[in-house]
Amino acid sequence: MKKHLLSAGDLTRDDAELILSTAAELRSLADRPIKKLPALRGRTIVNLFFEDSTRTRISFEAAAKRLSADVINFSAKGSSLSKGESLKDTALTLEAMGADAVVVRHWASGAPHNLANAGWSRSSVINAGDGTHEHPTQALLDAFTMTRHLSNLDGRRIAIVGDVLHSRVARSNALLLQTLGAEVTLVAPPTLLPYGVETWGVQTSYDLDAVLPKADAVMMLRVQRERMNASFFPSAREYSRRYGLDARRMGSLQEHTIVMHPGPMIRGMEITADVADSERSVIVEQVTNGVAVRMAVLYLLLGGSEPALTTSEESDA
Amino acid sequence: MTTYLIKNAQPYGAEPTDLLLQNGVIAAIGENLEAQGAEVVDATGLIALPGLVDLHTHLREPGREDAETVDTGTQAAALGGFTAVHAMANTDPVADTAGVVEQVWRLGREAGHCDVFPVGAVTVGLAGERLAELGAMADSAARVRVFSDDGKCVSDPVIMRRALEYVKAFDGVIAQHAQEPLLTEDAQMNEGELSGRLGLRGWPAVAEEAIIARDCLLTAHVGSRLHVCHVSTAGSVEIVRWAKSKGWNVTAEACPHHLLLTDELAATYDPIYKVNPPLRTAADVEALRAGLADGTIDIVATDHAPHPHEDKDCEWQAAAFGMLGLETALSIVQHTMVDTGLIGWAEVAERLSSAPARIGRLADHGRPLAEGEPANLTLYDAAATRTVEASEMASLSRNTPYAGMELPGRVVATFLRGKATVLDGKLA
Amino acid sequence: MPPTQQPDLPPVDGRTVLDSRDITRALTRISHEILERNKGAQDIVLLGIPSRGVHLASRIAAKITEVEGAAVPVGSLDVTMYRDDLRLRPARALAPTEIPSEGIDDKVVVLVDDVLYSGRTIRSALDALNDIGRPRAVQLAVLVDRGHRELPIRADFVGKNLPTSLAEKVAVRLAEYDDGEDGVTIR
C-alpha cells in the first residue's frame with residue numbers, strides 16, 4: 001500500500017491517470033455555489049514548510065479546505081546553515097497532534113523521504129518540493145493542464161527549457177510526462193543540465209530554436225540571475241538571447257502549442273511579458289488547476305480506508 | 001606480566017603452530033611448545049596476524065567527546081584487531097601544536113587498549129593558510145611523523161609544496177585528503193547518474209583525481225613523501241599506479257566502505273551512507289579492489305569517523321560525513337578481498353599492518369610474526385559469521401553502515417606487547 | 001489500482017427477474033408516472049446516480065421527450081464523496097457529476113438509480129444535492145426496489161418491487177454499460 005507521494009517516478013501510468021481524471025471531476029467544483037466536499041471531514045492535514053512558498057502553500061490549503069479537512073500551517077524556518085528546529089522533532093510534534101497527512105516543503109533534497117521512512121511519523125507524506133529534487137504535484141498539475149489542451153499526451157512533444165539543473169519541477173515533469181507517454185526534450189545551456197541527464201530517457205538540446213517548431217507544449221523554467229555569478233552563463237542578456245522565449249521565437253510555434261511556466265516568472269529573463277500574457281500562455285490556468293490536482297491527490301491518499309494509489313513495484317508484483 | 005601460550009594458531013593462515021608471548025615479545029614459535037605458568041589460549045582454527053595498524057582514525061578527543069573518546073575509540077580498535085591507530089588532527093582544538101598531540105598521545109597510553117599515534121595538522125587550524133609547527137610536533141613526545149589536514153584538503157599548491165619539502169627534515173609524510181574545494185562546494189554524494197536524479201549536489205571524481213595528480217607531481221619535484229588518504233575512484237588508482245611506475249615516493253590507502261558499498265545507497269536518503277569522499281560506483285569499487293590486490297594501493301585504512309546519533313538522524317544535506325570502521329574493517333577486507341580470492345592472509349597482514357606501520361615510521365608495529373619481535377598480534381576466526389549490531393559497538397557512536405549485514409570473520413583475541421587487550425572476542 | 005470502470009460487474013448466472021422488454025416497459029411506465037405526478041415535464045431535471053442510474057435517466061428522458069415533444073434536462077450526480085462508508089473501503093475513483101446548465105434551484109429533481117436497497121446511496125445523493133442548490137422538490141425513481149431499508153427513504157417511482165433475502169444479490173445489466181443485453185438477475 002502506498003500512502004505517500006514522494007516522487008513523480010513512484011506513480012504508475014494508472015495512478016497518474018486516476019489522479020488526472022479525479023482532478024477533472026473536481027475542477028468543476030470551482031463553478032459551484034458551495035465549493036466544498038465532505039470527503040476529508042475530520043482529517044487533519046499539516047502544511048509543513050521549511051522554505052517559503054506562499055503559492056504552493058495556499059494551493060494545498062485551498063485543496064484541503066475544499067475537501068473539508070482541517071488544515072494546520074506550520075512554518076518551520078531554517079536553512080542548511082541555521083538548522084533551526086529539526087525535521088525529526090517537528091515530525092514527532094505533528095505525530096502527537098494526530099496529523100493524517102503532512103504536506104512538506106523543504107530545502108533539503110530527500111527530506112520528505114526521511115519524514116516518510118525514518119519511523120518518526122505514521123502520517124501520509126506529500127512532497128511539496130524538496131531541494132533540487134522533486135515537486136510531484138507541480139508535475140501533475142502541469143500534465144493536467146496539458147491534457148486539457150492537448151488531450152492525450154501519448155507521443156506529444158514537450159520542451160522543458162531553462163535551469164534544469166536546479167529545478168525540481170523539471171525532474172518531476174521529466175518522470176511523469178514519460179510515464180504518460182510524452183516525448184520530453186530538456187533545453188538548456190550545457191552548464192544547466194544535470195550530470196548524467198543522458199540516462200533519464202529524455203532528449204536534450206542546447207538549441208531552443210531547433211526544438212520550438214516541433215513542440216506541442218513549451219515549459220519555461222525560472223532562471224535566477226544569481227546563477228550568472230557562479231558562471232552557469234556569462235550574462236543575463238546572453239541567456240535571454242539564447243534561451244529566452246520572446247515574441248519572435250513564439251512565432252515559430254505550431255498553432256496549437258501552449259506556453260507554460262511553473263512560476264514565479266522572471267519576465268524579461270526566461271520569458272518576455274508579451275509571451276507570458278499571450279493567448280498561448282496557460283500560466284494562470286496552471287494555478288487554477290493546481291488546486292484541483294492537489295484535491296485529487298489528497299482525496300486519493302486520504303479519502304478511503306487506504307490509498308487508491310499503488311507503486312509501480314507493487315503493481316508488478 | 002602474564003605469559004600467553006597460543007596453541008595451534010595459523011600465522012598468516014599457514015600451518016598451525018604455537019606461539020609463546022613472554023615479556024612483551026614473541027619468545028618462541030614452534031610446534032608443541034610448553035611453558036610453565038603460561039595462560040594457554042586455544043587458537044585452533046584461528047589465523048594469527050600481526051596487530052593491525054590504522055593510519056586513519058578519528059578519535060574525536062579533544063572536543064567531541066560525545067562522539068568518541070580516546071578510550072572508547074581504542075577499545076573499538078582493539079576489538080577490531082588493531083594494536084596501533086593514527087588519530088587524525090581534526091579535533092577541537094586542532095592537533096596543530098606539540099601540546100595537543102602530546103595530550104592525545106598520553107590519553108592513548110592511559111587507555112592502554114592500543115597505541116595511539118597522533119597525526120599532526122599540516123596547517124594551523126586546518127585553515128590551509130600557514131604551516132603548523134610540524135617540527136615541534138615531530139620532536140614532541142608523540143613523535144609525529146604523519147601530517148594531515150584530513151577532513152580538509154591542503155588545496156593551496158604552494159602550501160602543499162612547502163609542507164612536502166619541510167617534512168623531509170624529519171622523514172615525515174603528508175597524508176593528503178584529496179578534494180579540490182571549489183569543485184566540491186556543498187557536495188553531497190558522488191557526481192554521477194544518481195546525483196542528478198536525487199537532486200544532491202555532486203562530488204565529482206575529478207575533484208579527487210586532480211589533486212592527487214598535482215600532489216604526485218609536487219612530490220616528485222621536491223623529492224618528498226606523499227600518502228594519499230581514502231582513494232575512492234578508478235581514476236585515482238590509475239594516477240597512483242602511474243606515479244609509482246615513475247618510482248616516486250607515493251603511497252595510497254583505501255577504506256573498507258569504498259571496497260564494498262556504492263553510491264546507489266544514497267537513493268535511500270539515509271545519511272548513514274553519507275561519507276567523504278562519497279561512495280562511488282561499482283566500477284570504482286572494482287578498480288579499488290584490483291589496485292589493492294596489485295599493490296597500487298598500499299594499505300587499507302578505516303577512516304573511522306564516529307558521529308552522535310542526532311548528526312545522522314536528519315536530512316541528508318544536514319547530516320555529518322563519516323562512518324564507523326574499526327570494528328568491521330577486517331571482516332570487510334575478508335569479504336571483499338580474501339573470500340573473492342584477490343589476496344591471501346599474508347597480503348592482508350601487509351596491507352593492514354606492515355605497510356601502514358612503515359608509512360607511519362612505527363618501529364614496533366607491523367613487524368613479522370617471528371621470534372624476538374614485539375608481541376603485537378591478533379587472532380582471527382575467518383570461518384565465523386556475525387550479524388552487525390550497531391548497539392553492540394564499543395564505539396561511543398552507532399553510525400555503522402553495516403548494521404544488519406551478515407559479515408564473515410570475528411576477532412577473537414588481540415595482544416599489545418604481549419598483553420591481551422581482547423580475549424574471547426571481548427575486551428580483556 | 002486502475003480506475004474501476006465497472007465496479008460491480010453483474011454475474012451472468014442467476015435467475016432472470018426482468019428481461020430486456022420488462023425493463024423497457026418498466027421505464028416507460030415510470031416516465032408516464034413522472035409526467036402524471038408533476039403534471040407535465042415542466043421544471044423537471046433528471047439526475048442519474050452513476051453508473052447505471054445515469055443510463056436509466058437518459059432512457060427516461062428520451063421517453064419523456066417522446067411523449068411530451070420537448071427535451072428534459074438530464075445529468076448525473078456522483079455521490080462518492082458523500083457516502084457514509086467512504087472510510088470503510090479504499091479510496092474510490094470519482095464518477096462524473098454533470099448538472100444541466102439550467103441548474104437545480106426551484107426545479108423538481110428526479111433522482112434515478114438502478115437498485116434501491118439500504119437507502120444509504122440516496123441519503124448521500126440528498127446531501128450532494130444540498131451542496132449544489134435548492135430544488136423545489138426531490139423525487140426518486142428506481143428500476144428495482146429490493147427492500148431492506150436502513151433509513152427512512154422510499155421511492156416515488158418503482159419499476160419492480162422485488163422481495164429478496166439479505167443473502168441474495170441483485171444484478172442489473174444495461175446494454176449501454178455492460179456487455180450484452182439488458183436484464184435483472186437475482187442470485
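- At a 4.5 Å heavy-atom cutoff, the contact between A/W120 and chain B is made by side-chain atoms alone.
- For B/R201, no part lies near chain A; criterion is any non-hydrogen pair under 4.5 Å.
- For the pair A/R122 and A/E95, the salt-bridge criterion is met [side-chain N within less than 4.0 Å of a carboxylate O].
- Chain B forms more heavy-atom pairs under 4.5 Å with one residue of A/A108, A/G196, A/A174 than with any other, namely A/A108.
- For A/R171 and A/E134, the salt-bridge test fails: no basic side-chain N is under 4.0 Å from an acidic carboxylate O.
- Put simply, of A/A111, A/A118, A/G110, A/P194, the one with the most heavy-atom pairs under 4.5 Å next to chain B is A/G110.
- Residues A/S75 and A/R57 bring no donor and acceptor atom of their side chains to less than 3.5 Å of each other.
- We find that B/E209 and B/R280 are not joined by a salt bridge, their nearest charged nitrogen and carboxylate oxygen being 4.0 Å or further apart.
- The aromatic ring centroids of A/H133 and B/Y269 lie less than 6.0 Å from each other.
- Neither the backbone nor the side chain of A/H166 comes within less than 4.5 Å of any heavy atom of chain B.
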